[in-house]
Structure formats: C-alpha cells, structure tokens
Amino acid sequence: MKTTPLILAVLAVSSAGFTLSAQLKESPLPHVMKKEGRYALFVEGAPFLILGAQANNSSAWPAMLPKVWPAIEYLHANTLEIPVYWEQFEPRPGQFDYSVIDTILAQAHEHRVHLVLLWFGTWKNGSQHYMPEWMKLAPDKYPHVIDETGKPVDSPSPFAAASLQADIRAFTAFMRHLKAADPQRTVLMVQVENETGAWGALRDYSPAAQKLFEAPVPADIRRSMNTESAATSGNWQQVFGGEAEVCFHAWAVAKYVNQVAAAGKDVYPLPLYVNAALRDPLKPGAPGSYESGGPTDNVIPIWKAAAPSIDIVAPDIYMSDSAEYLKVLDLYHRPDNPLFVPETEGAPGVARFFFSALGLQAIGFSPFGLDYTSNRPFEMSDSENPNEFLEPTAQNYRLLAPMMRDLARLNFEGKLQAVAEEKGEPSRTLQFGPWQAVVSYGAVRNKPAAGNPEPIGRALVAQLSDNRFLVAGLFCRVDFHPTNADKRRQFLRVEEGTYQDGAFKFQRILNGDQTDWGVNLGSEPLALRVSLATY
Ligand code: DGJ
C-alpha cells in the first residue's frame, strides 16, 4: 500500500496520543470568507446560512433544554443561539464547570442543530449581572463604572484590570474546551459578551479613566472615524466634541473585549462577533438616549479599529417599522462587516425582514426568545397556543431550510436578490441583466397589485443561468419582463417543486391561470424553477 501524506499525518497524530476516530471526524473550522465584496460563512467547506433562533436568557440549563429543542424542531431552525453563563462556568476562581456546555453540545449534536454560543461574561445588556458571585462580592477589585457624581452605576468598568484578566482566563478556558469537545464543529460562532456598553453613565469618570479621557486620542482611532479634526491631534473632547464620551467609552470597551476575544481566538479560532443595542437609526438621539460604548452605528469604526479580533459587529433589531429596520440593515452591511442579525423580534410583521437581510448577503438571522420556557421573554406563563409566537419564523425556515446551501452559495456568488413588502409599495423590480423580476403583493388575477392587508410578503429570486431562475417566497407574485422594452416574455416552463435534502424535487408544471399573470406564492413552502424566453 502506498503511504499517502494523509496516512502519514494520521499515524503521526495517533502516535501523539489522539484517537484516530476523533481525528478523522474533525471537520474544517467555520470561517467567514469575503469575495468580490460579498461575505459568506463557510461551514464544512461551503457557504452556510444561519436559520437561527435565540433561546431566552435563562434557558441554558439542563432542566430547561427539554423546552428548547422542540421549539427549534418546530421552527426548522438549523442553529440555536444559547448563552454560556460566566457565573455557572466559574463558580470559584479558576475552577471551571464544563458540565452545562457539554450537555448543550451533546444534545445539539443529537438534534443535528448547530450552535452559536453567547458568552455572557463581563457585560450583559451593559451590566455585570453574569459575573460570578465571588466577583460581585468584591467591587473594589472588579469595579463598576463611576458616574459624573462619583457614584458607581450598574455597569462594569472597562478599565478594571482584574476583571479583564478574569474574563480572559475564563473565556480562554471555555474556548479551549470547545476546541477539544467539538471536533464536529457543532459550534459555528461565539458571541463575545452581550450588548456591551453602559446605561446610566456615558463613560467611566473614575480618576484613571478621566486621565485617559484628557490624553490624546490614539491616531488609529482618530483616523478610523475620519472626523473633521482627524488630522489634528487632541484629547477626546477636542476631537469628538458632543460625542466624546460615547467614543471614549466605545474605545475602552472595544479594547477590553478585543483582549478577551484575541485570547480565546488564540486557542480556538472560531468566528467571533459582538452584538449591539441600537440607537434610533433614522433620528438618533443625543448621547445618553442609547447604550453608551457598545457597537452602535456611530462608533462602528472605533470598534473595527480597537477590536480587530472581532469578525462581525451585529445589530439586535427590536424594531418593526420598515424604514427603521432597513436602515439598520444598511448601516451594518458594510464593506468591512458581514451582515448578521443575531437578535430580532419573532413577530409576524418582522419575520419578513429576513428576506431584506438576505438581499444584503446576510450570513444569518435569529429571532429572540423562541423556546417554550415562556412565550415572550417577560411573561411567565405560556399562552394557549405556544406556537403562535414561533409561526412567522417557522414559515420562513420551513421554506428556506431545505434549500439553505443553494441559497448561501447563490448569494455568495452575487446571483440572489431578496425583498420584503413595505406598506404603500405594492411592487418592487429587481434587475438581473436582460431580465427584470417584478415582485408584487396582494395581486388578484390581472388586477393591479394593491399590497397585502398587512405587509407580510417576501420573495427571493436567484439567477441560475441567463434565462433560468429560482423563485421562492410567501404571500407574493413574481413576474418577469425583458429589460429590452421591444421584447415580451414567455414562460417556457415553470416547474413547481419542493426542496428535499438540498435537491429540487419536481412536482408539476404550472401553466394557465397559475402563470398567466406571473407566478403566485402563498403560505406553503414552495420553490419554482422558471425558464424564460422572449418573442
Ligand atoms: C437584548 C439582549 O441582548 C437579550 O439578551 C435580551 O435581554 C433581550 N434584549 C430582551 O428582550
């Protein structure tokens, strides 16, 4: 038998003490790739789309998991976002309890669901509520932010060296364990902290922080923000004026988070991201009206410069107004940042925005609080129909899950466009070279589209070859017109089918009433393959 490099590698590894089977099962690391300005999350060596659901904050306990998995199954989600609590993970300084992580990993594997783990470490919604008790009881060692009047607020100081060292040690232990315990790469990404920043103070006013606030702004931070006074050196007040406190706190928090992230990435280089509690995207209020120092849209460049170990800054979108929602997607879809929505509402009027995000090559979307521990995060009891809250997301995922790999690939190749209905705009035109795809809502036979009674329509169109398209969506109609106005379209063949195990399964040819005014998509998960010609 010829000795191939693979066999040599396997022999070397097994003689180093690892088991052969573990080595053979090890999958490639998930990673974010960029090509021609577009991003994709690669999983098992190919583009992947996170059809996610985030569990409620207190659901990551073995006793609660039986109320999580059935919801994930009902949703057809392929990824569960679930926290890892520092207080549980390190009950005594330096002693780590891996049991909960191991339970979650084993059960995710059993359910064939990927994970995005959320490190609830120093920050959780701007506070330090997930620090272990031994830290909470030693505020002098692990201090809070000090406000302008000298009082501590409910937020950790980003200048606390002992907190940083403790977080680095714990996060590194967690990532090292993941590396050893998850050769199958069940875990796709890790969120570092949760909605960092501070409420109740714009920044830390402790003497040490004050000294830095009065010192010159580091040149890379000045440059990142491209301010008028970027060329001039100066302290934070001089360079950033009215936003000085927010920018300063963003820099301090980002630097802290970066050190935690870098240490973790060093032992296990999974994609890492941070999530943002947003400010109003259309009418941003003054500093103080939003969480200060987190990756809000105005300080993304500071986060990019100060936290290079973070791959993605991601918006938590708790908005339902379409102008606001679309603006947020636009603000976080940047040449230096893949779009990922790690939290959003599961409400009926919001689910459709997954398609808007897809249209911007989002790598994933994950509504919050979708488990059966309670229907909504702030309610203690379930309503009569616990699936009511899950249904809008389930509709999306039932449709998209079977074709997820195709969609992720087509999107990475720049061949896919997707849109969601906006009130007062009954149709949208998508340009595909010689063809225009017209998506309309509330159309009946040949009457002009009037919009759905509520804006719930969504559609995606992908160009498979010059005159062939994949069409999928809910509550909409899609028709095609040649870009050349002298020509008219004819359908050569419209195939209706479903995707099963990633492959299109033909069911029938649509014609007659079903195509005379375009193809119609309702509430059922259907995929259409459309071949066109002109005359
Ligand atoms: C945003 C946070 O990131 C979540 O952990 C959770 O607290 C939700 N808000 C609550 O709605």
Side-chain angles (χ1 to χ4, degrees), residues 50 52-61 64 67-68 71-72 77 79-89 100 104 115-131 154-156 189-200 250 253-254 257 260-261 272-281 289-297 303 310 312-321 324-325 328 332 340-351 353 364-383 389-390 392-393:
I50 292 180
Q54 184 165 147
N56 281 305
N57 284 169
S58 305
S59 297
W61 292 96
M64 292 298 114
K67 293 187 169 196
V68 173
I72 298 301
T79 306
L80 168 67
E81 291 185 358
I82 193 159
V84 173
Y85 314 122
W86 192 0
E87 62 180 351
Q88 178 280 323
F89 183 63
V100 175
I104 294 171
L115 294 170
V116 167
L117 295 179
L118 319 172
W119 173 242
F120 282 11
T122 299
W123 281 271
K124 164 68 174 80
N125 297 18
S127 299
Q128 56 207 69
H129 298 176
Y130 282 86
M131 279 186 182
D154 188 13
S155 190
M189 302 205 286
V190 172
Q191 178 187 292
V192 190
E193 318 294 343
N194 190 86
E195 292 195 348
T196 56
W199 295 99
V253 175
V257 171
V260 175
L272 301 178
Y273 75 94
V274 290
N275 61 333
L278 303 174
R279 58 179 202 152
D280 188 320
S289 64
Y290 56 94
E291 188 172 13
S292 184
T296 47
D297 67 87
W303 270 84
I310 295 294
I312 305 171
V313 296
D316 290 350
I317 318 183
Y318 290 92
M319 297 167 186
S320 54
D321 173 76
E324 288 181 354
Y325 208 106
V328 172
Y332 284 81
F340 174 52
V341 181
E343 284 184 41
T344 190
E345 282 180 50
V350 175
F353 293 125
F365 193 82
S366 187
F368 178 83
L370 301 192
D371 62 36
Y372 294 135
T373 60
S374 74
N375 265 336
R376 294 179 192 266
F378 308 109
E379 283 170 17
M380 292 309 294
S381 62
D382 294 342
S383 82
F389 188 51
L390 273 53
T393 303

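What you see below is based on every heavy atom in this structure, not just the backbone, and it leaves out hydrogens, waters and symmetry mates. Keep in mind that what you see is a predicted model, and the values were worked out from it rather than measured. In listed order, ligands and their atoms are each counted from 1.
Judged purely by distance below 3.5 Å, without hydrogens or angles, the side chains of Y130 and T122 never pair a donor atom with an acceptor atom. Side-chain contact, Y318 with E345: no donor N or O sits under 3.5 Å from an acceptor N or O.
In summary, the atoms of ligand 1 found under 4.0 Å from a heavy atom of E195, numbered by their order in the structure, are 1 (C), 2 (C), 3 (O). Taking every non-hydrogen atom of D316 and a distance limit under 4.0 Å, the qualifying atoms of ligand 1 come out as 3 (O). Shown in contact with N194 at under 4.0 Å from a heavy atom are these atoms of ligand 1, numbered in order with element: 2 (C), 3 (O), 5 (O). Of all atoms in ligand 1, listed by their number and element, those nearer than 4.0 Å to a heavy atom of N57 are 4 (C), 5 (O), 6 (C), 7 (O).
By the 3.5 Å distance cut-off applied to N or O atoms, K124 is counted among the residues near ligand 1.
Closest to atom 10 (C) of ligand 1 by heavy atom, among F368, W123, F120, is F368.
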TODO: Test W61 against Y85 for ring-ring contact (aromatic ring centres under 6.0 Å, His included), laying out the working first.
DONE: CA-CA 10 Å; W61 292 96; Y85 314 122; 5.4 Å; yes
Task: Steps toward side-chain contact (heavy atoms from CB on, under 4.5 Å) verdict (D297, L278) - done: CA-CA 7 Å; D297 67 87; L278 303 174; over 6 Å; no
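Nearest heavy atoms, N57 versus K124: OD1-NZ, 3.1 Å.
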